[in-house]
Amino acid sequence: MKQYRVAVVGATGMVGQRFITLLADHPWFKLTALAASPRSAGKTYEEAVGNRWAMAAPMPEVAKKMVVLDASHVEEVAALVDFVFCAVDMKKDEIRALEEAYAKAECPVVSNNSAHRFTPDVPMVIPEINDAHLEVIPAQRKRLGTKKGFVAVKSNCSLQSYVPALHPLMEFGLNKALVCTYQAISGAGKTFATWPEMVDNVIPYIGGEEEKSEQEPLKIWGKVEDGKIVPVSSPSITAQCIRVPVSDGHLAACFMSFDKKPSIEQIKEKWATYSGAPQALNLPSAPKQFLHYFEEADRPQTKSERNLENGMAVSIGRLREDTQYDYKFVCISHNTLRGAAGGAVLLAELLAAKGYFD
């Protein structure tokens, strides 16, 4: 695989920091430029971040002395790289405009932001589940008037625990699901040092999260028709999203019903044998085993399972029959790895392997 030059746009925030740790030694992607807001532009990355470095690993040497560019200087950044990762903290309409500006500068965008998730010709991809949605990119390029540029996005971090678990069971006629997510503070870009009121506390509200959790899976399971992704209408999903005092890792409690109820053995077999395009293509960031099932009554646990397979696997446990629904289970994924930057890097690897950056 050839090496691609890449920039992180929104490099100083928590997800931007995570991107930098993942790209420091990436076999396919060479970290070439960093961009952020005008207040960071012109400083070295080390100066721009200051004491806000939030990763457990130290800041990679490759990034420290890199001079941060102004993210709004699209042509300048685009000229240096083959594509960009975008993780900016701006209003949605501003993000949409910025990402389209990069695409129109013939610089593909792999976005961690939610702004374009419901643009009908923008693929929103969990690489193991709906890689076929990349086929919509030529239609998007036609709309944008580009030869190379496009926008592709990853889905919300909270649904990357339960949607992968539900997906292999769709053939049994999954018709409804109820999910409660218990979400880490890094999902808000925070640590306990910067958000002390989360210590010993639970906040039963995360703005916009429940709507995303209920609607985004329907697009992920949708079909490409006439240059657009048409969401499915079923299964119906209802969600409740809660912020809990955990640094990393989103846990979900999920309930599900089917048209033709499978056995517990059938469900576990589907989970054990399921794999997708990243495994078939042996992508660098792909977990060898996408879904891991734990038989112990008290597993999976956030602390012990969130880093499974470099934080890119999904952990499932406690599958049992329910009194209202057919079955219930719990599952966990790492929200800034599988759920955010890692999921976007895996998506970029998929795009690279399929030739979309060339």
Side-chain angles (χ1 to χ4, degrees), residues 4-20 32-43 48 67-125 133-134 136-157 187-189 207-209 211-212 215-216 219-220 222 227-229 231 340-341 343-345 347-348 351 356-357:
Y4 295 89
R5 299 164 306 153
V6 60
V8 176
V9 178
T12 57
M14 187 175 277
V15 175
Q17 293 177 23
R18 181 66 80 182
F19 271 123
I20 287 162
T32 305
L34 302 174
S37 67
R39 70 175 174 272
S40 297
K43 298 175 183 172
V67 176
V68 178
L69 303 173
D70 187 329
S72 67
H73 296 177
V74 172
E75 299 286 346
E76 180 189 359
V77 179
L80 298 172
V81 296
D82 299 305
F83 73 97
V84 300
F85 288 109
C86 191
V88 292
D89 183 13
M90 295 158 64
K91 295 194 178 88
K92 271 197 186 168
D93 53 345
E94 293 171 356
I95 295 172
R96 269 195 291 272
L98 184 71
E99 290 180 345
E100 287 207 351
Y102 274 96
K104 286 175 178 173
E106 298 296 359
C107 183
V109 177
V110 180
S111 178
N112 186 71
N113 299 302
S114 63
H116 269 298
R117 287 190 195 146
F118 285 100
T119 306
D121 61 8
V122 170
M124 174 172 62
V125 177
H133 284 193
L134 300 182
V136 82
I137 288 172
Q140 186 196 139
R141 282 174 169 155
K142 196 170 170 189
R143 171 175 66 84
L144 296 172
T146 60
K147 287 188 172 65
K148 184 187 171 198
F150 63 88
V151 179
V153 301
K154 51 151 285 300
S155 66
N156 182 268
C157 53
E209 202 79 353
E211 294 79 4
K212 292 173 192 170
Q215 295 302 316
E216 288 186 19
K219 181 177 178 180
I220 289 165
K228 292 201 280 288
I229 298 161
V345 170
L347 171 53
L351 288 160
Y356 284 98
F357 295 145

- Message: Between Ser111 and Glu99, is there a side-chain donor-acceptor contact under 3.5 Å, judged purely by atom types and distance?
- Response: yes

- Message: Check this for me: Lys228, atom NZ, are more than 12 non-hydrogen atoms of other residues, nucleotides or ligands nearer than 6.0 Å?
- Response: no

- Test item: His133 side-chain N/O and Gly222 main-chain N/O as donor-acceptor pair under 3.5 Å: yes

- Relative to each other, are the rings of Phe150 and Phe357 parallel, tilted or perpendicular (30° and 60° limits)? parallel

- Item | Option from Leu34, Val9, Val77 for which side-chain contact (heavy atoms from CB on, under 4.5 Å) with Leu69 holds | Val77

- Would you please classify the geometry between the Phe85 ring and the Phe19 ring as parallel, tilted or perpendicular, with 30° and 60° separating the classes? parallel

- Other residues, nucleotides, ligands: >12 heavy atoms within 6.0 Å of Arg143 CZ: yes

- Flag the pair Gln215 / Pro231 as yes when at least one side-chain heavy-atom distance between them is below 4.5 Å, and no otherwise. no

- Using modelled atom types only, decide if a donor and an acceptor are shared between the side chain of Glu100 and the backbone of Leu144 within a distance under 3.5 Å. no

- CG of Asp89 to CD1 of Ile95: how many Å apart, nearest 0.5 Å? 7.0 Å

- Item | Closest contact, heavy atoms only, Val110 versus Ala344 | CG1-O, 3.5 Å

- Looking at CG of Leu98 and SG of Cys86, how far apart are the two atoms once the value is rounded to the nearest 0.5 Å? 5.5 Å

- Least distance between heavy atoms, Ile20 atom then Ala11 atom: CD1-O, 3.8 Å

- Residues that Lys142 engages under side chain to side chain contact (heavy atoms under 4.5 Å, CB included), provided they are two or more places apart: none

- Task: Looking only at non-hydrogen atoms, find the nearest pair between Arg5 and Ala79 and report the distance.
- Result: NH1-O, 4.2 Å

- Query: Nearest heavy-atom pair of Arg141 and Tyr356: which atoms, and what distance?
  - Reply: NH2-O, 3.0 Å

- Residue pair Met124 / Thr119, side-chain heavy-atom distance below 4.5 Å: no

- Asp70, CG atom: more than 12 neighbouring heavy atoms under 6.0 Å: yes

- With the side chain counted from C-beta on, respond yes when Asn113 and Val153 share a heavy-atom pair under 4.5 Å apart, and no when they do not. no

- Item | CA sep, side-chain torsions, deciding dist, call: Glu106, Lys147, side chain to side chain contact (heavy atoms under 4.5 Å, CB included) | CA-CA 7 Å; Glu106 298 296 359; Lys147 287 188 172 65; 4.0 Å; yes

- All heavy atoms of Arg117 vs all of Glu216, minimum pair found to be NH1-OE2, 2.9 Å

- Task: Take Leu347 and Leu134 through the side chain to side chain contact (heavy atoms under 4.5 Å, CB included) test and state the conclusion after the steps.
- Result: CA-CA 10 Å; Leu347 171 53; Leu134 300 182; 4.3 Å; yes

- Item | Ile137 and Leu351, any side-chain heavy atoms less than 4.5 Å apart | yes

- Task: Could you please spell out the steps behind the side chain to side chain contact (heavy atoms under 4.5 Å, CB included) verdict for Gln140 and Thr146?
- Result: CA-CA 9 Å; Gln140 186 196 139; Thr146 60; over 6 Å; no

- Nearest 0.5 Å, what's the OG-CD distance between Ser114 and Glu211? 11.5 Å

- Note on the structure: Tightest non-hydrogen contact, residues Ala340 and Asn112, listed as CA-OD1, 3.2 Å

